[in-house]
Number of protein chains: 2
Amino acid sequence: MTVSKTIEKSAEATKSRKDAADSPAEALHLGELSEQLGYVLKRAQLKVFENFLRCVASLQLTPAQFSVLLLVEQNPGRNQTEIASTLGILRPNFVAMLDNLESRDLCARIRSTNDRRSHILVLTDKGKAVLTRAKKLVATKHEARLNEVLGVANREALIAMLSKIANEF
Amino acid sequence: MTVSKTIEKSAEATKSRKDAADSPAEALHLGELSEQLGYVLKRAQLKVFENFLRCVASLQLTPAQFSVLLLVEQNPGRNQTEIASTLGILRPNFVAMLDNLESRDLCARIRSTNDRRSHILVLTDKGKAVLTRAKKLVATKHEARLNEVLGVANREALIAMLSKIANEF
DNA sequence: TGATAATTGTTATGGACCATATCAAATATC
DNA sequence: GATATTTGATATGGTCCATAACAATTATCA
């Protein structure tokens, strides 16, 4: 609850903008906002996604698409509903996503022989190759940058805490 | 980089769903996904926002609206552009947001006398009262729940790391 | 067995959020 | 004083997210 030392200089409300010799407009005080988990979480998430996109730009993969490929690889024989729900994606919204990946020949839908309603998802050879390259880029660029900023130990602690929140909140 | 012990039982792809005596469909393996910062970050952010909304449901405030009220309170005499850009909100998108807050009499736009183009933002009395109540709800419910899950020390460490990512990534 | 219910993938649709171009009014610049 | 810039605003399109509804298939059970 300690507001740290954010009370540096109460903003003079009566001061006109651009008064002295072109003052640099002084940044706003975030105040309690910098202690709000939701705020900081959202800003960090945007930065991380942005960095992810840059790191795998050559493969044209979004974080969501990367997660689909990873999950399909890790779970052979599963259908759309299972993969989508595990990722928190609603079935209707998963259709266009798969259409995209399938049109790029990264994964394929296979009619199940057990249940002819469902589509088993598999990675194509190209999909496997792209995923392998994506993992390398993520490890050598994305994670590497994160380790620069936080250090390895902190990075692991961070992920552990976020997982706890994601699962137990 | 250690994949922990996620290699428990390689999924038998040839096994039909619902085979034995109604098996509970066994959950999918997240695999490397659980080590992906972006994935865990996004899931945690959704949970935190969800919890925030529940905690301040009686005040009908979203995280974004709460952040606007906080920032306006903390920075008297600032205009729309300054408040919006500090929050990472684009000016066009900030208009509807302010229309909403103003229609609920939580804040007001005041034509600046220095620069008649700009609107100075201020909290109304009702806005101040609502913000005070919101802060209380956030502290006693939202943050309290987080402390239950992580502990106070970890919570502060988490926010520090996320801030670092948000600022230095 | 056969009627009914549930599931799977899909389409259609609407809302929330985000980004760009553009505009009039006001101000800054030179 | 002519031109450029800034501010708030509108219009618009894109992406993501949520719900309802549908045909095909499968499960349930009287």
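Below, chain A is the first sequence line, B the second, and so on; all start at residue 1.
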Indicate whether OP1 or OP2 belonging to [N] is found under 4.0 Å from a side-chain N or O atom of [X].
| X | N | value |
| --- | --- | --- |
| A:R109 | C:dT10 | yes |
| A:T81 | C:dT7 | no |
| A:R117 | C:dT7 | no |

Check the distance between [N]'s [atom2] and [X]'s [atom1] and give it to me in whole angstrom.
| X | N | atom1 | atom2 | value |
| --- | --- | --- | --- | --- |
| A:H119 | D:dT25 | NE2 | P | 11 Å |
| A:N100 | D:dG14 | CG | C1' | 15 Å |
| A:M97 | D:dC17 | CE | C1' | 13 Å |
| B:L87 | C:dA19 | CG | C1' | 17 Å |
| B:R111 | D:dG8 | CZ | P | 8 Å |
| A:L90 | C:dT13 | CG | P | 19 Å |
| A:I110 | C:dT8 | CD1 | P | 18 Å |
| A:N114 | C:dT7 | CG | P | 18 Å |

Residue met sooner reading DNA chain C from 5', once A:S118 and A:P92 are mapped to nucleotides: A:S118

A:L61 to A:F66 - nearest heavy-atom pair and separation: CD1-CD1, 4.5 Å

Touch class at under 4.0 angstrom, heavy-atom based, for B:D115 against every strand present: sugar-phosphate

Sugar-phosphate only, base, or nothing, as touched by A:R116 at under 4.0 Å among non-hydrogen atoms: sugar-phosphate

salt_bridge(B:K135, B:E73) N-O dist < 4.0 Å: yes

Lys/Arg N to Asp/Glu carboxylate O, A:E168 vs B:K47, below 4.0 Å: no

Whichever of A:G88 and A:S112 has its nearest DNA chain D nucleotide further upstream toward 5': A:G88

Residue mapping more 5' on DNA chain D - nearest nucleotide basis, A:I89 or B:Q80: B:Q80

Whether B:R104 side chain and B:D99 backbone form a donor-acceptor pair below 3.5 Å: no

Modelled atom types, side-chain donor and acceptor of A:H29 and B:Q74, under 3.5 Å: no

